[in-house]
Number of protein chains: 2
Amino acid sequence: MTESPRKWTADRIYQNLRQGIMNLELYPGSRVTETELAQRFGVSRTPVREALQRLAVEGYLTIRPKHGCYIRQLDVFELAEYYDVRVGLELESVALMGKRIPYREVAELAEDWDPGRAGYGLEGTESFKDAEESFHIRLAGLCGNPVLVQYLKDVNNHIRIVRRLGLPDRDSVLKTYHEHYDICQRILANDLDGAATLLRAHIHESQAKSREVTLVQLERRRQALDQGSGAG
Amino acid sequence: MTESPRKWTADRIYQNLRQGIMNLELYPGSRVTETELAQRFGVSRTPVREALQRLAVEGYLTIRPKHGCYIRQLDVFELAEYYDVRVGLELESVALMGKRIPYREVAELAEDWDPGRAGYGLEGTESFKDAEESFHIRLAGLCGNPVLVQYLKDVNNHIRIVRRLGLPDRDSVLKTYHEHYDICQRILANDLDGAATLLRAHIHESQAKSREVTLVQLERRRQALDQGSGAG
DNA sequence: GAAAAGTTTGTTGTATACAACCTGCATGGA
DNA sequence: TCCATGCAGGTTGTATACAACAAACTTTTC
């Protein structure tokens, strides 16, 4: 889905809006109109429409037929549901490794998440969040099922918004290193069930954390936007 | 994703093309152009473009940027991958029932698939295929995670093409009844792990069957299209 | 005869015009 | 005071025009 610049204008708008939604610059629930966006980007409505339609299909916003587009609301319950889907997909990816365990690749992955050489400069940075997400994608990728990975990426698209909200402290970074490492080790030890159990717990922790963080951060962001004016 | 008629023209084209792709009237790999479709439906290119873009995002066709649209190839390996995703999602839905087992709804579902009162008129009909798919959607729906169900529906959209290819004989219909019924019974007996095991095996059987049937039927359909001319 | 360059045709991408429709408000009546 | 009707503004949905680009074909040259 994240192809290279496919259609210059339309794709630019798409990427731009997507980022805006992720960063909560486009506040959930707010309305955007094609005309307004077309003016803002200095293009016609056509590429804007294309971008909006894509975003709608992908779940970033909802289109009320003859009325307008609304940035998708973050619903804490719905977010939790996405996490459960993640569990289903990621656990199945581990199960699929039973056919042929990709020892070498898992070992490489484990090396990158060795708590001994943990990147202690990363805590509190966006890049740690990216790395965390990347771990799960890489791990799932090793099952040899690109379709599953595609679905997992799609799920990630929906939870990334909240995934980035709370910045992790040093302890939770280290904890993540340990957990990722342990999951890999279980796989290397041929204990796929054990890996699955750890993975499930790991994702459930994220799920719980996301629930705590969401409402607080959302409110904070709202206040910032209110003060900083309507960010035209 | 299967909303009611959202936008008259564009949605009509979308539904129409989607059906065409499902029924293999639009043969996999063939090219379609916006202009051609616009003429065929007697509308302008705009709604056609919208329909094509949706179909592209949903994976029914691929758009080569300045060249045209190609109906998605059916790849037997890829289809198998979709089946594995199904396993992941459906098994997780069963696992999620652990929080609160919906006895009454599962009992109703079991009743509908009681082998004793099996609908023996159904074998060989399209409606049996629909019912089969519906069982899995209903079952997953009972876990109380609409997002998961949405993903499962999406997966079904991709495998429905092949799911319908081979018509089932009487034996496999009865077998399906038994398996569906047994899965429900395990859940009612509070044996979610047992249900999961059965479910996994059940889906894997479909997966294997689909693999057999696909290539044969695909070839048959191709020949029919060749004989019956280009089906303008 | 083969390869390369220029041309031609066709298709998509974007801009704009117009029509249908929905929403909200104001006005009028009960 | 409350509800219904009509009007106005704004927004989307569709049609069409034009430009940019890609691929295929033809022509030319070696």
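We name chains A, B, ... by the order of the sequence lines, and we start the count at 1 in each one. All figures in this text were calculated on a predicted structure; none of them were measured in a lab.
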Legend entry - d(CH2, A:Trp8; C1', D:dA22) in whole Å: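 Distance, rounded to whole Å: 10 Å.
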
Legend entry - Whole angstrom value for the distance that separates C1' of D:dA15 from CD1 of B:Ile13: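 After rounding, the reported distance stands at 13 Å.
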
Inset, instruction - Answer with yes or no whether the side chains of B:His158 and B:Arg72 bring together a donor and an acceptor at under 3.5 Å. - result: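 There is no such pair between these side chains.
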
Inset, instruction - List the atom of B:Glu78, the atom of A:Val147, and the distance in Å for their closest heavy-atom pair. - result: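 So the minimum-distance heavy-atom pair works out to CG-CG2, 3.7 Å.
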
Legend entry - Minimum-distance nucleotide (side-chain atoms of B:Ser44 versus C:dT14, D:dA15, C:dT12):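 Selected nucleotide (nearest to the side chain): D:dA15.
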
Legend entry - Salt-bridge contact B:Glu205-B:Lys209 (side-chain N to carboxylate O under 4.0 Å):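 No.
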
Inset, instruction - Taking all heavy atoms of B:Ala140 and all of B:Ser93, pick out the closest pair and write down the distance. - result: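 Result for this residue pair: CA-OG, 3.6 Å.
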
Inset, instruction - Looking only at side-chain atoms of A:Glu50, point me to the closest of C:dT12, C:dT14, D:dG13. - result: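 Of C:dT12, C:dT14, D:dG13, C:dT14 is nearest to the side chain of A:Glu50.
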
Legend entry - Nearest-nucleotide comparison on DNA chain C, the residue closer to the 5′ end among A:Gly42 and A:His67: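 This one resolves to A:Gly42.
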
Legend entry - Distance, rounded to the nearest Å, where A:Glu36 contributes CD and D:dT12 contributes C1':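 That distance rounds to 14 Å.
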
Legend entry - For atom CZ of B:Phe41 and atom P of D:dA15, their distance in whole Å: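 B:Phe41 atom CZ is separated from D:dA15 atom P by 13 Å.
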
Legend entry - Nearest listed nucleotide, side chain of A:Arg45, among D:dT14, C:dA15, C:dT12: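 Output: D:dT14.
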
Legend entry - Phosphate OP1/OP2 of C:dG13: any B:Arg49 side-chain N/O under 4.0 Å: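 Yes.
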
Inset, instruction - Grab the CD-P distance between B:Gln53 and D:dT14 for me, whole Å please. - result: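 Between P of D:dT14 and CD of B:Gln53: 13 Å.
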
Legend entry - B:Glu34 side chain, from C-beta outward: closest of C:dT12, D:dT14, D:dA15: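 Nearest to the side chain of B:Glu34 among the choices is C:dT12.
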
Inset, instruction - Name the nucleic acid region contacted by B:Thr46, choosing base, sugar-phosphate or nothing; use a 4.0 angstrom heavy-atom cut-off, strictly under. - result: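 Counting heavy atoms under 4.0 Å across all strands, the contact made by B:Thr46 includes a base.
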
Inset, instruction - For B:Leu52 and D:dT14, give me the distance from atom CG to atom P, rounded to whole Å. - result: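 Answer to the nearest Å: 14 Å.
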
Inset, instruction - Please report, rounded to the nearest Å, how far the C1' atom of D:dA24 is from the CZ atom of B:Arg31. - result: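 Distance, rounded to whole Å: 11 Å.
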
Legend entry - Whether A:Tyr151 and B:Tyr151 hold their rings parallel, tilted or perpendicular, with breakpoints at 30° and 60°: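 Plane angle over 60°, so perpendicular.
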
Legend entry - Candidates D:dA23, D:dT14, D:dT11 - which lies nearest the side chain of B:Pro47: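 In terms of side-chain proximity for B:Pro47, the closest of D:dA23, D:dT14, D:dT11 is D:dT14.
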
Legend entry - Residue-phosphate contact under 4.0 Å: B:Arg64 side-chain N/O, C:dT12 OP1/OP2: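 So the side-chain polar atoms of B:Arg64 never come under 4.0 Å of the phosphate oxygens OP1 or OP2 of C:dT12.
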
Inset, instruction - Look at A:Thr35 and D:dT11 and indicate whether a side-chain polar atom (N or O) is within less than 4.0 Å of OP1 or OP2. - result: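 It does not, given that no N or O in the side chain of A:Thr35 lies less than 4.0 Å from OP1 or OP2 of D:dT11.
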
Inset, instruction - Among C:dC21, C:dG13, D:dT14, find the nucleotide with the atom closest to the side chain of B:Lys66. - result: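 Looking only at heavy atoms from C-beta outward on B:Lys66, the closest nucleotide is C:dG13.
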
Inset, instruction - Calculate the interatomic distance between B:Leu37 atom CG and C:dG10 atom C1'; express it in whole Å. - result: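 The answer, rounded to whole Å, is 15 Å.
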
